[in-house]
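These notes concern the structure reproduced below.
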Amino acid sequence: MIRSELIQKIADENPHLYQRDVERIVNTIFDEITDAMARGERVELRGFGAFSVKKRDARVGRNPRTGESVSVEEKHVPFFKTGKLLRDRLNGRG
Amino acid sequence: MAEKTLTRTDLSEAVFREVGLSRNESKQLVETVLDHMSDALVNGEQVKISSFGTFSVRDKSARIGRNPKTGEEVPINPRRVLTFRPSHLMKDRVADGNKS
């Protein structure tokens, strides 16, 4: 399923909404999650999962082609942990 | 870091501000979005949200695990797990936003 299919499903179920508004609703949800993580915040959606930011320490990496050492700066990466309910549903429970 | 936590309430509040539906309907729509994504994943589908990321379901085979405290061997049943791969855009935004 891709973004446009998700929007279409919701538009079909909500004929009183303009397609354009459904697009805005779906986009707002994903933008809000990304914005929160860009501020270093967590987004916890019980039953679905939680988005958080993890810190990766600075390290000395290597250029795999030349074997040359390069210093890699500390950085922050997005992380998602599946919620219990969804994890159970994926495995046919609940 | 990561002191503040957003929940469904914050997402529905954002939808409420953005679209001007009632708070109640905004809340229901947030739930609907999550439900559709969950249902697709439970059906084994991949959920690909451009410029956000991709959720995919992977099958893990059975293996012998160990209770780290007692050293006791315990069988781990085959199971399905969900992985999220953030888009480049999200990775860049999170990296840039959290630069110290």
Side-chain angles (χ1 to χ4, degrees), chain A residues 1-7 9-10 13-14 16-18 20-56 73-83 85-92, chain B residues 1-8 10-15 17-21 25-26 28-30 32-53 55 57 77-87 89-91 93-100:
Chain A
M1 182 165 76
I2 61 174
R3 190 195 283 257
S4 56
E5 291 165 339
L6 177 61
I7 291 168
K9 279 191 176 159
I10 294 165
E13 287 173 358
N14 293 276
H16 65 293
L17 298 177
Y18 289 112
R20 191 191 61 214
D21 283 341
V22 177
E23 270 170 39
R24 280 169 65 200
I25 291 160
V26 170
N27 295 346
T28 299
I29 293 171
F30 292 117
D31 289 348
E32 205 66 19
I33 296 172
T34 308
D35 289 350
M37 282 193 284
R39 295 190 301 263
E41 296 169 3
R42 272 168 61 84
V43 182
E44 198 174 303
L45 305 168
R46 283 282 157 84
F48 182 78
F51 296 89
S52 60
V53 179
K54 286 202 169 182
K55 187 178 135 196
R56 297 272 177 265
E73 277 179 39
E74 166 193 303
K75 69 171 176 189
H76 291 83
V77 295
F79 181 76
F80 176 76
K81 184 170 187 277
T82 312
L85 185 73
L86 182 52
R87 202 181 334 125
D88 286 350
R89 280 191 64 201
L90 286 169
N91 290 288
Chain B
M1 207 194 69
E3 294 302 326
K4 206 186 156 200
T5 300
L6 273 72
T7 62
R8 280 174 170 75
D10 300 282
L11 298 185
S12 42
E13 196 60 28
V15 169
R17 284 195 309 266
E18 180 71 25
V19 190
L21 303 170
E25 195 170 12
S26 304
Q28 268 166 17
L29 282 158
V30 170
T32 304
V33 168
L34 296 177
D35 283 347
H36 278 299
M37 291 172 70
S38 303
D39 290 349
L41 292 163
V42 169
N43 289 331
E45 275 181 67
Q46 203 180 49
V47 175
K48 211 167 177 166
I49 308 296
S50 56
S51 79
F52 184 81
F55 298 88
V57 179
N77 294 328
R79 63 203 204 282
R80 289 204 296 169
V81 296
L82 174 57
T83 56
F84 173 66
R85 192 163 177 264
S87 70
L89 187 91
M90 180 191 281
K91 282 197 210 167
R93 293 211 45 215
V94 169
D96 292 347
N98 290 284
K99 253 183 197 141
S100 38

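Chain naming here is simple, since letters A, B, ... match the order of the sequence lines and numbering starts at 1 in each.
Between A:Leu6 and B:Ile49 the shortest side-chain heavy-atom distance falls below 4.5 Å. A heavy-atom distance below 4.5 Å is not found between the side chains of A:Pro78 and B:Arg93. In this structure the side chain of A:Ile29 never reaches within 4.5 angstrom of the side chain of B:Leu34, judged on heavy atoms. For the pair B:Gln46/A:Met1, no side-chain contact is recorded, criterion being any heavy-atom separation below 4.5 Å from C-beta on.
For the side-chain contact (heavy atoms from CB on, under 4.5 Å) with A:Ile33, the qualifying choice from B:Leu6, B:Leu11, B:Asp10 is B:Leu11, the only one to do so.
Every residue meeting the ring pair (Phe, Tyr, Trp, His ring centres under 6.0 Å) condition with A:Phe48, not counting sequence neighbours, appears here in chain and number order: A:Phe80, B:Phe55.
When every heavy atom of B:Val81 is checked against every heavy atom of A:Leu90, the shortest pair comes out as C-CD1, 4.4 Å.
Between the side chain of A:His76 and the backbone N or O of B:Val94 there is no donor-acceptor pair closer than 3.5 Å. Judged by distance alone, the side chain of A:Asn91 and the main-chain N or O of B:Arg79 form no donor-acceptor pair under 3.5 Å. Looking only at distances, no side-chain donor or acceptor of A:Arg87 sits under 3.5 Å from a matching main-chain atom of B:Leu82.
Taking OG1 of A:Thr28 as the start and CZ of B:Arg17 as the end, the distance is 9.0 Å to the nearest 0.5 Å. Rounded to the nearest 0.5 Å, atoms CZ (A:Arg39) and NZ (B:Lys4) are 6.0 Å apart. The CG atom of A:Asp21 lies 9.5 Å from the CD atom of B:Glu18; values are rounded to the nearest 0.5 Å. The distance from the CE atom of A:Met37 to the CG atom of B:Asn98 is 10.0 Å, given to the nearest 0.5 Å. The CE atom of B:Met90 sits 10.0 Å away from atom CG of A:Asp35, with the distance rounded to the nearest 0.5 Å. For the atom pair CZ (A:Arg24) and CG (B:Leu21), the distance works out to 9.0 Å, reported to the nearest 0.5 Å.
For a residue to count as touching a neighbouring chain, one of its non-hydrogen atoms must lie under 4.5 Å from one of that chain's; by this rule A:Phe51 touches chain B with the side chain only.
Across A:Ile2, A:Val26, A:Leu45, the residue that shares the most heavy-atom pairs under 4.5 angstrom with chain B is A:Leu45.
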